[in-house]
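Report on one structure; see the data block that follows.
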Amino acid sequence: MQSDNPFDLSGRVAVVTGGNGGIGRGIALGLAQAGSAVAVLARNEEKNQRVMDELNALGVPALAVRIDVIERGQLQPALQKVEETLGPVNILVDNAGTVALGGILDQDPGDWDRVIETNLNACFLLSKLAAQSMVRQRLGKIINIASEYSLFGSGIAPSYSASKGALVQLTKSMAIELAPFNIQVNAIAPGWIDTDMVAPVKTMPLYQEIIARTPAGRLGSPDECAGTAVYLASRASDFVTGTTLFVDGGYAIR
């Protein structure tokens, strides 16, 4: 019986890539708190086990699969394991991402390829595989984790900015294609969130510039991305597709 609560995710099965730390962990736990079964696909086995302990404590079915999303041959077996263990996937959060510093004059082409492969190509391939299952169900939510740098350029991380900009366009394109199958595709663009990836920025002059530009006057927390993900994964957003929601304390509007 379907709950009257449009945010209730009971009976759903979610996959979160990079879900063992930072924003991904926050989203994985948020989806679980809303009732969804959750599978985390990530590389670090120790961190996978820690988030599994947290998911188990919430009392939802959970699974962690060790995977590197740039290894294309690992993607289909990982999703198959999730479906065999938890059931058909109807929520996919493409969160796994990486960054390589260096402008076009300095960046090694291998670093460029690694960023594009992780932040864009893996999202395309996982979405393609998950969508095949969602089409059969006539039910699905795909949430891509973009970035404010999908809107802004970056002189020090052009590969990151390019990958996230392309991910927003991929989100729109998938939303159009998959809408007839009752599948909604949206993106979240986090601002400066207090994660391990952002930690080095706290020692730079840039940090004070970020705080001064952010109307909220602080960094966000991974948990503050979870509510947006729950909304986009739930029935409450069934008529929302192809959009990008900024979770940034107002950084992008100043």
Side-chain angles (χ1 to χ4, degrees), residues 2-19 23-24 26-28 30-39 41 69 75 79 82-83 87-97 119-151 162-191 224-248 252-253:
Q2 186 169 268
S3 167
D4 290 336
N5 177 3
F7 299 97
D8 183 11
L9 298 181
S10 299
R12 300 295 175 91
V13 176
V15 169
V16 184
T17 67
I23 292 171
I27 289 175
L31 296 175
Q33 288 164 349
S36 179
V38 177
L41 309 187
V69 295
L75 303 181
L79 285 180
V82 173
E83 298 217 326
V89 172
N90 33 55
I91 301 168
L92 172 65
V93 182
D94 285 312
N95 167 77
N119 296 359
L120 180 62
N121 294 347
C123 294
F124 158 70
L125 292 168
L126 273 169
S127 295
K128 176 184 178 69
L129 294 169
Q132 292 169 349
S133 175
M134 294 175 184
V135 165
R136 290 191 292 271
Q137 301 172 63
R138 289 296 197 272
L139 175 71
K141 304 280 188 173
I142 298 174
I143 304 168
N144 294 319
I145 305 304
S147 165
E148 289 189 322
Y149 282 94
S150 59
L151 179 65
S163 68
K164 294 299 188 177
L167 186 58
V168 167
Q169 297 305 318
L170 177 62
T171 297
K172 295 175 184 179
S173 299
M174 291 195 301
I176 295 168
E177 179 183 359
L178 298 176
F181 303 102
N182 191 33
I183 300 167
Q184 292 81 50
V185 188
N186 293 288
I188 298 173
E224 290 176 307
C225 295
T228 306
V230 169
Y231 165 65
L232 291 177
S234 73
R235 288 187 290 115
S237 63
D238 279 355
F239 203 54
V240 177
T241 198
T243 195
T244 298
L245 297 183
F246 284 76
V247 181
D248 66 351
I253 62 172

Q: Please name the residue in the list Ile142, Leu120, Asp94 that meets the side chain to side chain contact (heavy atoms under 4.5 Å, CB included) test with Leu170.
A: Leu120
Q | Test side chain to side chain contact (heavy atoms under 4.5 Å, CB included) applied to Asp248 and Ile253, step by step | A | CA-CA 9 Å; Asp248 66 351; Ile253 62 172; over 6 Å; no
Q) Is it the case that Ser3 and Asn5 place a side-chain donor and acceptor less than 3.5 Å from each other? A) no
(Q) side chain to side chain contact (heavy atoms under 4.5 Å, CB included) for Leu41 and Val16? Distances and angles first, verdict last. (A) CA-CA 6 Å; Leu41 309 187; Val16 184; over 6 Å; no
Exam field: side chain [X] to backbone [Y], donor-acceptor pair closer than 3.5 Å:
X: Asn144; Y: Ala146; value: no
X: Ser127; Y: Cys123; value: yes
X: Thr171; Y: Leu167; value: yes
X: Ser150; Y: Val168; value: no

If you compare all heavy atoms of [X] against all heavy atoms of [Y], which two are closest, and at what distance to 0.1 Å?
X: Ile143; Y: Ala233; value: CD1-N, 3.9 Å
X: Pro6; Y: Ser234; value: O-CB, 3.2 Å
X: Val230; Y: Gly30; value: CG2-O, 3.5 Å
X: Tyr231; Y: Ser237; value: O-OG, 2.8 Å
X: Ala96; Y: Val69; value: CB-CG2, 4.1 Å

Flag the pair [X] / [Y] as yes when at least one side-chain heavy-atom distance between them is below 4.5 Å, and no otherwise.
X: Ile145; Y: Val93; answer: yes
X: Leu126; Y: Leu79; answer: yes
X: Asn119; Y: Lys164; answer: yes
X: Val135; Y: Gln132; answer: no

Side chain to side chain donor-acceptor pair (under 3.5 Å) partners for [X], two or more places apart:
X: Thr17; answer: none
X: Ser147; answer: none
X: Glu83; answer: Ser133
X: Asn90; answer: Gln137

Q: Apply the test side chain to side chain contact (heavy atoms under 4.5 Å, CB included) to residues Ile27 and Thr228: give CA-CA distance (whole Å), side-chain angles for both, the deciding distance (0.1 Å), then the verdict.
A: CA-CA 9 Å; Ile27 289 175; Thr228 306; over 6 Å; no
All N/O donor-acceptor pairs, side-chain side in residues 173-190, below 3.5 Å, sequence neighbours left out:
{"unit_1": "Ser173", "atom_1": "OG", "unit_2": "Gln169", "atom_2": "O", "d": "3.0"}
{"unit_1": "Asn182", "atom_1": "OD1", "unit_2": "Gln184", "atom_2": "NE2", "d": "3.3"}
{"unit_1": "Asn182", "atom_1": "ND2", "unit_2": "Arg138", "atom_2": "O", "d": "3.0"}
{"unit_1": "Gln184", "atom_1": "OE1", "unit_2": "Lys141", "atom_2": "NZ", "d": "2.8"}
{"unit_1": "Asn186", "atom_1": "OD1", "unit_2": "Gly242", "atom_2": "N", "d": "3.1"}
{"unit_1": "Asn186", "atom_1": "OD1", "unit_2": "Thr243", "atom_2": "N", "d": "3.0"}
{"unit_1": "Asn186", "atom_1": "ND2", "unit_2": "Val240", "atom_2": "O", "d": "2.9"}

Q: Enter the distance from Arg235:CZ to Leu139:CG here, rounded to the nearest 0.5 Å.
A: 10.5 Å
Q: Only counting residues at least two apart or in another chain, list the ones meeting salt bridge (Lys or Arg N to Asp or Glu O under 4.0 Å) with Glu148.
A: none
